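What follows is a short report on a single structure.
The figures here come from the full heavy-atom set of this structure, side chains too, leaving out hydrogens, waters and symmetry mates. None of these values were measured; they are calculated from a predicted model. Letters A, B, ... mirror the listed sequences (proteins, then strands); counts begin at 1.
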Number of protein chains: 2
Amino acid sequence: MELDARKETILDAIIQTYLKTGEPVGSRTISKYTDLNLSSATIRNEMSDLEEMGYIIQPHTSAGRIPTDRAYRLYVDRLVVKKTEQVTAMNSLMIAKTSRMEEVLKQVVRLLASNTNYTAMLSAPSYKGNKVKFIQLSKLNPRQLLNVVVIEGNIVKNHIIDLKDDITEEQVLKLNLLLNTRFNGLTLSEINLGLISNVKEEAGSHSEIVSEVLDTIAEVIRAETDEDMKIYTSGANNIFKYPELSDSERASRLISTLEEKDVLQDFVKASDESGSGIQVYIGEESPVESMKDCSVVTATYELGDGLQGTIGIIGPKRMDYERVMDSLKTVRASLNEVFGLPENRQIPGKNEESEA
Amino acid sequence: MELDARKETILDAIIQTYLKTGEPVGSRTISKYTDLNLSSATIRNEMSDLEEMGYIIQPHTSAGRIPTDRAYRLYVDRLVVKKTEQVTAMNSLMIAKTSRMEEVLKQVVRLLASNTNYTAMLSAPSYKGNKVKFIQLSKLNPRQLLNVVVIEGNIVKNHIIDLKDDITEEQVLKLNLLLNTRFNGLTLSEINLGLISNVKEEAGSHSEIVSEVLDTIAEVIRAETDEDMKIYTSGANNIFKYPELSDSERASRLISTLEEKDVLQDFVKASDESGSGIQVYIGEESPVESMKDCSVVTATYELGDGLQGTIGIIGPKRMDYERVMDSLKTVRASLNEVFGLPENRQIPGKNEESEA
DNA sequence: GTTAGCACTCCATAGAAAAGAGTGCTAATA
DNA sequence: TATTAGCACTCTTTTCTATGGAGTGCTAAC
């Protein structure tokens, strides 16, 4: 059987109605509120076909029909084609003035949630380059050193090193020189065992300080690369606005995932791989078990220089895909604007904060 | 009317039974499962008295009684007296080996939640001293400086300063000397306008760098003092285990507060003021609106040197107060153990991380 | 002071009945 | 041949009623 124009119109009507109401929609509704001028009986016949084709199902005999994942998929694919690049300006972003990166991101995700009435997530931008830029040891007191490591993208990490023996300013100076000349400009993979043992030898009695510095480097790079990257969420309570998600069972599982955050990484990773497009996961398509009853829409934002993160919306399958995608695009644009677009990448971001 | 021994026994039995079942408890239950050997009729008379005294209420005529906030309060106060300091060892804390402070705290709060089956919160330790310990400017490139500020308690904050004009190593050196000699050892209140304009004058053309450094100082102190301090929560999904909290309305509000976190500050503040004891908020006593149907138990932990934070449990009013208080005590003890007890305060904590 | 007994209240549960929504099928129609 | 009207049928939802049970309060007896 083929999905002809009329079937498509009807399917579309069903989807849209269901998006609004969340209730199964019957033939009569479609017949009345479409300009097809067909009787409910005809619609019924078509619906029967559509059901056979797998686009809609009945929750039970003698209920209306609801769209299947497949229908949503069709609908979304069509949307993507239709709306080319019409980014509507979200006027009141209001985030320009907040100075701290982390605060801004929290704001953004909150905004996204309250704007869409769904749950929002945002992964902090992480740097893909990972070259060591600058290492500094400073003496706090004879038995304590402050170690600061800066990697490209101006991610800063500090660490306090406790010493067994006293150390002099001069020794600290030497160590600084040594570390910077040998490690600066290198990536994680370039700092190999040979180099490490070399440097340790040169450091002589202070080799264990070198070890600690390397730990810090490893840590910041690891933190930036995977697992541990920051994810913010907001609007978890919005799931209670959609009855189909708010029974104890489901709600509990969802809340739990949102709280744990680590599985949300899956979206970030998938989003990274897919390039900078907008990604839509409908029901079973989701990589996250507890969201098989939801739809998730994600987008990648880029801050120039390979610094990138992911924003996403989690809602019921009957979410307003159009509005959600628009919101994501707008927010992505705003993030670019605030933190430096590709255009002005020459002037570094006004103020990039250290990692959390 | 007076709360004599018998009334008390009965009230206690009512509370305990209700804690277990969550259902209103009737006179017959008490008569059977207490060793008072009184008939249900007698119990009924006493219950009638207890109701008059405000310790129990009937949800409706011809239901059993449930304890009021007042009854819980009595019960808890009694508990505190009874259990002096019998800290039961929680064997499997398993946190000793994780090196990063933040990770440990997240672990701890997760543990607390899963151990108690309630929702847990934890505020990261914050320092009460707030003296500047060390300031460092380092040149990243001719137009960028890295500014690191360390305050007592080894809280580290960094910030990147963008410059209008190039700067030389020598100028950086001079600025470092100036800043450290003038600001080190001072508290926020000691850094006043007079001093600031003095230093700015001495800094000459680089006075705006001084401003930025001061901003960083202000920020770290502000972050440590109030508003913005880190709070971790875990086990939000546990509220679904208690029917009296898991209707959409209530659950939504609770989840929302837990997510926003900022109002949870109220508990931290209150806890700070109350000293290091254990604090119990029953229903209406809670400073947080959305938790009027819950009980909240908090405890302050101290890491020596004035570094302190709060741990807390949020659950239904019929929570197992005894176990919760024990858990809190145990966790508090463990935190001390891991991060350095008062005893070994000479040897600073193995590894205190920078603020998030 | 304690208890047995009883009438009474209220809630929870189950079932039956009614109402409603929607379908599928058939036969008539354009 | 495609469309439609009509109707029987199915299944859910809602409403109502009846019934049982839990628990109380009161009274009278011990």
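Considering only residues two or more places apart in sequence or on other chains, Asp247(A) meets the salt bridge (charged side-chain N to carboxylate O under 4.0 Å, His left out) condition with Arg250(A). Every residue meeting the side chain to side chain contact (heavy atoms under 4.5 Å, CB included) condition with Thr233(A), not counting sequence neighbours, appears here in chain and number order: Met121(A), Ile231(A), Leu258(A), Lys261(A), Leu264(A), Glu259(B). Taking Ala120(A) as the reference, Val109(A), Leu112(A), Ala113(A), Ile313(A) meet the side chain to side chain contact (heavy atoms under 4.5 Å, CB included) condition, with sequence neighbours excluded. Listed by chain and number, the residues in a salt bridge (charged side-chain N to carboxylate O under 4.0 Å, His left out) with Glu285(A) are Arg73(A) (sequence neighbours excluded). For Asp4(A), the salt bridge (charged side-chain N to carboxylate O under 4.0 Å, His left out) partners two or more places apart in sequence, or in a different chain, are Lys7(A).
Ile282(A) and Asp69(A) make their closest contact through O-OD2, 3.6 Å (heavy atoms, listed as atom of the first residue, atom of the second, distance). Between Thr68(B) and Gly54(B) the shortest heavy-atom distance is OG1-O, 2.8 Å. The two residues Met291(B) and Val296(B) have their closest heavy-atom pair at SD-CG2, 4.0 Å. When all heavy atoms of Asn115(A) and Arg323(A) are compared, the closest pair comes out as O-NH2, 3.2 Å.
With hydrogens and angles ignored, the 3.5 Å screen pairs a side-chain donor or acceptor of Gln58(B) with a backbone N or O of Ala63(B).
The overall bend of the helix from dG1(C)-dC30(D) to dA30(C)-dT1(D), read as the angle between its terminal helix axes built from five base pairs each, is 20° when rounded to 10 degrees.
Contacts between residues 32-52 of chain A and DNA chain C, counted as heavy-atom distances below 4.0 Å, involve Arg44(A), Met47(A). Of the residues in residues 21-31 of chain A, those placing a heavy atom less than 4.0 Å from an atom of DNA chain C are Gly26(A), Ser27(A), in numerical order. Proximity of residues 56-71 of chain B to DNA chain C (heavy atom under 4.0 angstrom from any strand atom) is restricted to His60(B), Thr61(B), Ser62(B).
Salt bridge present: Arg110(A) and Glu260(B) bring a charged side-chain N and a carboxylate O closer than 4.0 Å.
Atom CG in Asp320(A) sits 5.5 Å away from atom OH in Tyr118(A) (nearest 0.5 Å).
Residue pairs meeting the side-chain hydrogen bond (donor to acceptor under 3.5 Å, both in side chains) criterion with at least one member in residues 23-35 of chain A, sequence neighbours excluded, are Ser27(A)-Arg44(A). Screening residues 43-80 of chain B for ring pair (Phe, Tyr, Trp, His ring centres under 6.0 Å) gives Tyr72(B)-Tyr321(B) as the qualifying pairs, with residues at least two apart or on separate chains.
Scanning DNA chain D 5' to 3' for nucleotides with an atom closer than 4.0 angstrom to a non-hydrogen atom of chain A gives a first and last hit of dT3(D) to dT12(D).
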Set out, in order, the CA-CA distance, both residues' side-chain angles and the distance that settles side chain to side chain contact (heavy atoms under 4.5 Å, CB included) for Tyr232(B) and Val108(B), then state yes or no. CA-CA 10 Å; Tyr232(B) 306 97; Val108(B) 168; over 6 Å; no

